[in-house]
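Every chain is numbered from 1 and lettered A, B, ... according to where its sequence line falls, protein lines coming before strand lines.
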There are 2 protein chains.
Amino acid sequence: METKAQALEIAKTQLQLRGYNGFSFQDIANELGIKKASLHYYFSSKEDLGLALIEDYAAAFQQWADKLAELSPYEKIEKYILMFYSFAQDNLKICPAGVFCVDFNALPVRMQKSITELQDTQRRWLEKALIRGIKDGDFKKSLKAKDTANLLIAACQGGLQLARFQDNCRVMKSTCQTLLDLLTDI
Amino acid sequence: METKAQALEIAKTQLQLRGYNGFSFQDIANELGIKKASLHYYFSSKEDLGLALIEDYAAAFQQWADKLAELSPYEKIEKYILMFYSFAQDNLKICPAGVFCVDFNALPVRMQKSITELQDTQRRWLEKALIRGIKDGDFKKSLKAKDTANLLIAACQGGLQLARFQDNCRVMKSTCQTLLDLLTDI
DNA sequence: GTCTATATATAGATAGAC
DNA sequence: GTCTATCTATATATAGAC
């Protein structure tokens with residue numbers, strides 16, 4: 001399964017650097033040093049590869065979230081932002097959701113479903129942390145958890161795009177920090 | 001110039017619905033009822049079309065901004081959000097910058113420059129409005145104009161993506177309204 | 001300005017040998 | 001598992017007729 005895992009890693013990088021239509025089996029094969037036809041042994045179609053990518057991201061998020069179970073709501077939100085920031089730090093990558101959103105209407109239905117599911121999972125995770133955080137006083141009492149979760153996601157995804165345009169990953173961090181300050185009572 | 005303008009309109013719609021690599025000369029030609037080869041009379045290459053698209057957006061923004069000269073800083077920001085919201089209302093379109101950001105690394109250099117220029121223009125416009133708005137008390141005194149401008153752009157672009165995923169344009173509006181409330185002292 | 005015809009490149013995908 | 005060879009579809013792009 002070594003080759004399959006390697007192929008997935010390469011695909012993930014390409015996806016976040018050049019978009020879903022911005023890389024091909026050929027690109028992955030080149031980097032892997034095999035022929036593109038060989039890749040069909042692991043992924044019968046590009047849709048198949050696309051689904052594997054999304055599942056991989058979903059599994060990684062689940063694993064990541066499990067590790068943070070003991071942290072405070074505020075710390076969880078901080079870590080969430082840092083997870084996205086680590087994308088920007090790595091060659092100004094943007095997030096997979098931002099990538100798939102663009103050609104969403106042109107994607108196979110199964111991929112559309114898988115992506116929205118992943119987004120829903122993340123939004124619910126944020127919302128849950130925010131509900132407790134608002135109650136505990138980590139965040140402003142006046143906030144609505146649902147709207148705030150959406151705003152956080154938007155700031156992260158939008159922040160990554162700003163970083164790429166401005167060729168400076170710190171822009172993403174300061175943008176999200178500005179929001180974080182606004183969410184806490186000062 | 002009628003046909004050229006029509007082609008640009010179709011391209012703009014396709015761009016915001018399916019991404020830059022998500023439509024072809026063929027698609028435009030079909031909708032226009034001509035042959036794809038004929039389009040090369042107006043746009044010698046897809047890069048040429050891409051540049052025309054960006055210039056078109058830039059001109060539209062300039063025109064839009066000029067009309068708002070008399071408004072208060074707060075009203076300007078409100079209008080800025082509404083401009084993006086009108087994208088979401090129209091078949092859950094996302095913004096051109098969000099589209100081009102994804103395949104940015106795969107785009108011709110001239111397009112990259114043109115896009116970042118457009119983004120810079122919008123950011124400077126926001127920043128200028130915010131500097132006055134913060135001074136006038138429209139917005140919180142503690143805000144930094146530059147960071148706030150970035151946060152607003154991120155919320156708009158990210159909000160459009162959320163709307164598409166959640167298949168609900170109002171999500172974009174409530175997300176930005178949540179931010180707007182945070183930016184004003186309440 | 002628009003057409004037909006064609007060139008060229010590349011994508012995703014399959015068949016079958018090794 | 002990986003290869004060669006091949007198929008089909010589609011993209012951008014050009015030449016030249018009308």
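Each of Lys35(B) and His40(A) was assigned the nucleotide of DNA chain C with the nearest heavy atom; the assignment lying further toward the 5' end belongs to Lys35(B).
Between Tyr80(B) atom OH and Leu130(B) atom CG the span is 10.5 Å, to the nearest 0.5 Å. Note that CG of Leu8(A) and OG1 of Thr13(A) are 10.5 Å apart. Values are rounded to the nearest 0.5 Å. To the nearest 0.5 Å, atom OG1 of residue Thr178(B) and atom CG of residue Leu183(B) are 11.0 Å apart. Rounded to the nearest 0.5 angstrom, Phe23(B) CZ and Lys46(B) NZ are separated by 4.5 Å.
Of the possible donor and acceptor atoms, one in the side chain of Asp27(B) sits under 3.5 Å from a partner among the backbone N and O of Ser24(B).
Atom C1' of nucleotide dC7(D) and atom NZ of Lys36(A) are separated by 11 Å, given to the nearest angstrom.
The side-chain heavy atoms of Leu39(B) and Leu32(B), taken from C-beta on, include a pair separated by under 4.5 Å. Using a 4.5 Å cut-off on side-chain heavy atoms (C-beta onward), Lys4(A) and Tyr41(A) make no contact.
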Pairs under 3.5 angstrom only: tabulate donor-acceptor contacts from the side chains of residues 90-105 of chain B to other protein residues two or more places apart or in another chain.
from: Asp90(B); atom 1: OD2; to: Lys93(B); atom 2: NZ; distance (Å): 2.7
from: Asp103(B); atom 1: OD2; to: Asn21(B); atom 2: ND2; distance (Å): 3.4
from: Asn105(B); atom 1: ND2; to: Leu17(A); atom 2: O; distance (Å): 2.7

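Within residues 100-110 of chain B, no residue has any heavy atom closer than 4.0 Å to DNA chain C.
Within 4.0 Å of Tyr41(A), counting heavy atoms only, lies at least one base atom of the nucleic acid.
Note that the first and last nucleotides of DNA chain C, 5' to 3', having any atom under 4.0 angstrom from a heavy atom of chain A are dA11(C) to dT14(C).
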